[in-house]
Novice: 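Attaching a single structure in structure tokens format; questions to follow.
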Amino acid sequence: MTSANITESPIQTRELPWMTLGEGVSARPLHFRGDERTLQLRVEPGVRIPLHRHDGHVHALGLSGRRRLGDGSIAGPGDYVFEPAGNVDSWACEGEEPCIVQITMTGRLTYLDATGGDGAWTDTPKLRELHLKWCEDRGVAPWASEAN
């Protein structure tokens with residue numbers, strides 16, 4: 001079954017604004033389907049993504065910049081990283097260029113506090129609502145496609 005707002009036409013991502021998520025972190029949501037979401041994540045140089053746990057799987061493709069992953073390896077443009085459900089990780093944007101990563105993920109992402117306990121979290125419905133409110137507040141039409 002196809003939703004009315006699903007299209008085979010391209011989304012011109014380079015023309016989309018960045019939705020601020022936190023200090024030095026922004027996103028362009030692209031697609032929502034059930035508990036799955038696809039987005040572009042932009043992280044400014046020197047910014048570290050705090051320790052977090054993925055309750056679902058993650059597919060991440062580097063579009064620009066260099067990410068230093070928790071194991072010390074570097075993921076650059078064109079590099080693909082798969083994270084299985086239950087993965088706990090952190091990473092940082094290195095160098096002079098922002099890191100832009102195209103991510104498709106399912107489930108909840110939960111940030112961990114200093115004791116390893118659960119802190120702030122997000123999931124697909126929460127990101128979808130944030131996107132819709134952000135667009136409404138700016139008088140911009142939502143661009144992310146949706147399917148059930």
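The figures here come from the full heavy-atom set of this structure, side chains too, leaving out hydrogens, waters and symmetry mates. Remember, it's a predicted structure, so these values are computed and weren't measured experimentally.
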Novice: Side chain of Arg66, backbone of Gly95: donor and acceptor closer than 3.5 Å?
Specialist: no

Novice: Do Ile100 and Leu127 sit in the same hydrophobic cluster, where Ile, Leu, Val, Met, Phe, Trp and Tyr count as joined when their side-chain heavy atoms come under 4.5 Å apart?
Specialist: no

Novice: May I ask whether Leu109 and Leu112 are part of the same hydrophobic cluster, defined by side-chain heavy atoms of I, L, V, M, F, W, Y residues being less than 4.5 angstrom apart, directly or through others?
Specialist: no

Novice: Is there a side-chain contact between Val58 and Asn87 (heavy atoms, below 4.5 Å)?
Specialist: no

Novice: Would you compute the distance between atom CD of Glu94 and atom CD1 of Ile74 and round it to the nearest 0.5 angstrom?
Specialist: 4.5 Å

Novice: Any donor-acceptor pair under 3.5 Å linking the side chain of Arg37 with the backbone of Gly107?
Specialist: yes

Novice: Which pair of non-hydrogen atoms, one from Leu41 and one from Trp18, has the smallest distance, and what is that distance?
Specialist: C-CZ3, 4.2 Å

Novice: To the nearest 0.5 Å, tell me how far Leu61 CG sits from Gln40 CD.
Specialist: 10.0 Å

Novice: Can you get from Tyr111 to Ile103 by hopping between Ile, Leu, Val, Met, Phe, Trp and Tyr side chains that sit under 4.5 Å apart?
Specialist: yes

Novice: Within the side chain of Arg67, is there an N or O that forms a donor-acceptor pair under 3.5 Å with the backbone of Trp91?
Specialist: no

Novice: What are the two closest heavy atoms between Leu30 and Ile11, and how far apart are they?
Specialist: O-CD1, 3.7 Å

Novice: Just by modelled atom types, is the Leu21 backbone N or O under 3.5 Å from a matching donor or acceptor in the Ser26 side chain?
Specialist: no

Novice: Test of understanding: with salt bridge (Lys or Arg N to Asp or Glu O under 4.0 Å), list the residues that count as partners of Arg48, not counting sequence neighbours.
Specialist: none

Novice: Starting at CE of Met105, measure out to OG1 of Thr122 and round the result to the nearest 0.5 Å.
Specialist: 8.5 Å

Novice: For His57 and Phe82, take the angle between the two ring planes, folded into 0 to 90°, and tell me which bin it lands in: parallel under 30, tilted 30 to 60, perpendicular over 60.
Specialist: parallel

Novice: State, to 0.1 Å, how close Pro142 and Leu132 come at their nearest heavy-atom pair, and which atoms those are.
Specialist: CG-CD2, 3.7 Å

Novice: Same cluster or not: are Val25 and Trp134 linked, directly or through other Ile, Leu, Val, Met, Phe, Trp or Tyr residues, by side-chain heavy atoms under 4.5 angstrom apart?
Specialist: yes

Novice: Under the ring pair (Phe, Tyr, Trp, His ring centres under 6.0 Å) test, which residues partner His54, sequence neighbours left out?
Specialist: His52

Novice: I'd like to know whether Lys126 forms a side chain to side chain contact (heavy atoms under 4.5 Å, CB included) with Leu130, so could you lay out the CA-CA distance, the side-chain angles of the two residues, the decisive distance to 0.1 Å, and finally the verdict.
Specialist: CA-CA 6 Å; Lys126 195 170 182 178; Leu130 181 65; 6.0 Å; no

Novice: Go through the steps to decide whether Asp123 and Asp35 satisfy the test side chain to side chain contact (heavy atoms under 4.5 Å, CB included), and finish with yes or no.
Specialist: CA-CA 7 Å; Asp123 62 7; Asp35 78 335; over 6 Å; no

Novice: Is a salt bridge present between Asp118 and Arg53, judged by a nitrogen-to-oxygen distance below 4.0 Å?
Specialist: yes

Novice: Rounded to the nearest 0.5 Å, how far does SG of Cys93 lie from CZ of Arg42?
Specialist: 9.0 Å

Novice: Can you tell me how far apart NE2 (His31) and CZ (Arg128) are? Round to the nearest 0.5 Å.
Specialist: 12.0 Å

Novice: Can you tell if the side chain of Glu23 reaches within under 4.5 Å of the side chain of Val47, non-hydrogen atoms only?
Specialist: no

Novice: For Phe32 versus Thr124, what's the shortest heavy-atom pair and its separation?
Specialist: CD2-CG2, 3.7 Å

Novice: Provide the closest heavy-atom pair for Met19 versus His131 in the form atom of the first, atom of the second, distance.
Specialist: SD-CA, 3.6 Å

Novice: Report yes or no: does Trp143 contribute a side-chain atom to a donor-acceptor pair with the main-chain N or O of Pro29 at less than 3.5 Å?
Specialist: yes

Novice: Indicate the atoms forming the closest heavy-atom contact of Ser64 with Pro98, along with that distance.
Specialist: OG-O, 3.4 Å

